[in-house]
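We count residues from 1, following the sequence as given. Because only heavy atoms are used, hydrogens play no part in the values below, and waters and symmetry mates are left out as well, while side chains stay in.
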Amino acid sequence: MTETKNNNGLKVLAALLGVVLIGVIIYTFSLYQEKQNNEMVLAKEKELVVEDLNSLRSEYDKAILESNATNEELVAARDNITKYIDSVRTMKADISSLSRYRRQVRVLKAEREQLIKQVDSLKQSNALIAMQRDSTYTELEKQTVFNDSLVVQNTQLADVVEKGSALSLTTFNVDAVKERRNGKLVSTSRAKATDKFKICFTVANNVIASAGDREFFIEVLDPQGNVMGEGFSKTNDTGASITYSKGTNFYYENRNLDVCDYINKPAGDFQKGNYMVNIYDDGLRLLGNVQFAMK
């Protein structure tokens, strides 16, 4: 009887231990399943954090690419995000660390919005500066064209004034003369009888020309084409030069002026043949010439 009771007790104890063991197994499996689920959730959350960070980095890359000049703040922010991505990928995921990175992602997004606004503001400012610069260049080009036009007009006006102020002759004649004992001069056509050439011309009135002392140059060429007289030389500003027989001076007052001068007989008599007389102004511009023959 006693043995039967002991056997029954052992059976009950074995049953209880079996129930406990099954409960432990079920609880352990449940914990394992929960751990696996948590790890999967944490891994997924980890990947979501990495995706958010990668998205932020891509947006920074785009903003840097669209920027005309390298923005150091954008580059620094992008590099920080790269460091965060590396940290998240290598960390051991847990709720606390993932929550911290989630908060950091929100902070980085807010920072990106602020930096993008600054970049947009700078781009607008640069665009405005570029427009103002282009407008300034356009105005400068217009002013340059206008100034060049003024220079051309002034040059043309100066040429007109210079040409308009140049003196000219209304009459020009040469007379071979013989001087009588009483000093009277009479015309002659005979070379041996000629004592001198009387050269007269009339300077025309010109209100544009400057009044004052002037000098014209008389060039007399003998029948052989040689310059009579001492043969003075004169060169103007452009490098042109002449050899002349005599310079004649007069005072010009912007009205018609009669001027006469003389070329004396050379050491011997005047030669027979054709002579030419040229008159030049002080700029060596030919004003007129006369040809005549001596018998």
Side-chain angles (χ1 to χ4, degrees), residues 148 150-179 185 187-192 194-295:
D148 291 344
L150 284 180
V151 170
V152 172
Q153 292 178 15
N154 289 338
T155 301
Q156 293 174 344
L157 180 60
D159 291 340
V160 170
V161 171
E162 182 180 359
K163 292 177 181 178
S165 62
L167 299 182
S168 60
L169 305 182
T170 57
T171 62
F172 177 27
N173 59 78
V174 179
D175 195 14
V177 296
K178 176 179 177 60
E179 186 174 5
L185 298 176
S187 298
T188 180
S189 60
R190 296 175 57 246
K192 289 186 177 181
T194 301
D195 292 319
K196 61 184 68 179
F197 291 152
K198 181 180 179 182
I199 301 169
C200 295
F201 52 85
T202 300
V203 183
N205 66 310
N206 189 326
V207 295
I208 300 178
S210 300
D213 291 321
R214 295 298 184 95
E215 183 179 17
F216 283 178
F217 304 100
I218 302 172
E219 179 188 52
V220 180
L221 302 177
D222 66 16
Q224 284 73 43
N226 300 317
V227 177
M228 296 181 59
E230 297 184 23
F232 303 101
S233 294
K234 174 70 175 179
T235 302
N236 64 11
D237 296 335
T238 64
S241 63
I242 62 167
T243 301
Y244 62 96
S245 303
K246 186 176 184 179
T248 181
N249 296 282
F250 56 91
Y251 188 85
Y252 183 70
E253 295 181 311
N254 304 98
R255 56 178 179 265
N256 287 346
L257 178 66
D258 294 326
V259 179
C260 286
D261 211 332
Y262 298 89
I263 299 295
N264 293 324
K265 181 168 62 175
D269 292 333
F270 284 103
Q271 303 175 30
K272 296 179 180 180
N274 296 320
Y275 288 80
M276 177 180 288
V277 180
N278 299 315
I279 298 291
Y280 298 89
D281 65 9
D282 49 9
L284 303 189
R285 188 170 61 93
L286 180 63
L287 301 180
N289 59 67
V290 171
Q291 297 184 32
F292 63 96
M294 297 287 291
K295 298 179 181 179

Quiz prompt | OG1-CD distance between T243 and E219, expressed to the nearest 0.5 angstrom | solution = 7.5 Å
Quiz prompt | Exam field: side chain Y244 to backbone Y280, donor-acceptor pair closer than 3.5 Å | solution = no
Practice problem: State, to 0.1 Å, how close F232 and E230 come at their nearest heavy-atom pair, and which atoms those are. | Solution: CZ-OE1, 3.4 Å
Quiz item: Just how far is it from atom CD1 of I263 to atom OG1 of T248, taken to the nearest 0.5 Å?
Solution: 9.0 Å
Quiz item: Okay, side chain of N254, backbone of A209: is any donor-acceptor separation there less than 3.5 Å?
Solution: yes
Quiz item: Ignoring hydrogens and geometry, is there a side-chain-to-backbone donor-acceptor pair from S245 to M228 under 3.5 Å?
Solution: yes
Quiz item: Does CG in N249 sit with more than 12 non-hydrogen atoms of other residues, nucleotides or ligands closer than 6.0 Å?
Solution: yes
Quiz: residues 194-203 side-chain donor-acceptor pairs under 3.5 angstrom, not counting sequence neighbours:
| from | atom 1 | to | atom 2 | distance (Å) |
| --- | --- | --- | --- | --- |
| T194 | OG1 | R190 | O | 2.7 |
| D195 | OD2 | E179 | N | 2.8 |
| T202 | OG1 | T171 | OG1 | 2.7 |
| T202 | OG1 | D258 | OD1 | 2.6 |

Quiz item: At what distance, to the nearest 0.5 angstrom, does CG of N278 lie from CG of N289?
Solution: 5.0 Å
Quiz item: Between V227 and V220, is any pair of side-chain heavy atoms under 4.5 Å apart?
Solution: no
Quiz item: For the rings on F216 and F250, is their centre-to-centre separation under 6.0 Å?
Solution: yes
Exercise. Look only at the side chain of K246 and the backbone of Y262, and say whether a donor-acceptor pair between them is shorter than 3.5 Å.
Key: yes
Practice problem: Answer yes or no: is there a donor N or O on one side and an acceptor on the other, between the side chain of D175 and the main chain of V177, under 3.5 Å? | Solution: no
Quiz item: Which value, rounded to the nearest 0.5 Å, describes the distance between L221 atom CG and N226 atom CG?
Solution: 8.5 Å
Quiz item: About how many Å separate OG1 of T235 and CD1 of I242, when rounded to the nearest 0.5 Å?
Solution: 9.0 Å
Quiz item: Atom CG in D222, atom OH in Y275: separation rounded to 0.5 Å?
Solution: 6.0 Å
Quiz item: Does the N236 side chain pair with the main chain of S241, one donor and one acceptor, at a distance under 3.5 Å?
Solution: no
Quiz item: Under 3.5 Å, side chain of R285 to main-chain N/O of L167, donor-acceptor pair present?
Solution: yes
Quiz item: Any side-chain heavy-atom pair from Q224 and Q271 closer than 4.5 angstrom?
Solution: yes
Practice problem: Apply side chain to side chain contact (heavy atoms under 4.5 Å, CB included) to I218 and D261, showing your working. | Solution: CA-CA 9 Å; I218 302 172; D261 211 332; 4.0 Å; yes
Quiz item: Any donor and acceptor pair, going by atom type alone, linking the side chain of D213 with main-chain N or O of Y251 inside 3.5 Å?
Solution: no
Exercise. Decide yes or no for F270 and K192: does some side-chain heavy atom of the first lie under 4.5 Å from some side-chain heavy atom of the second?
Key: no
Exercise. Please report the closest heavy-atom contact between N206 and A166, naming both atoms and the distance.
Key: ND2-O, 3.2 Å
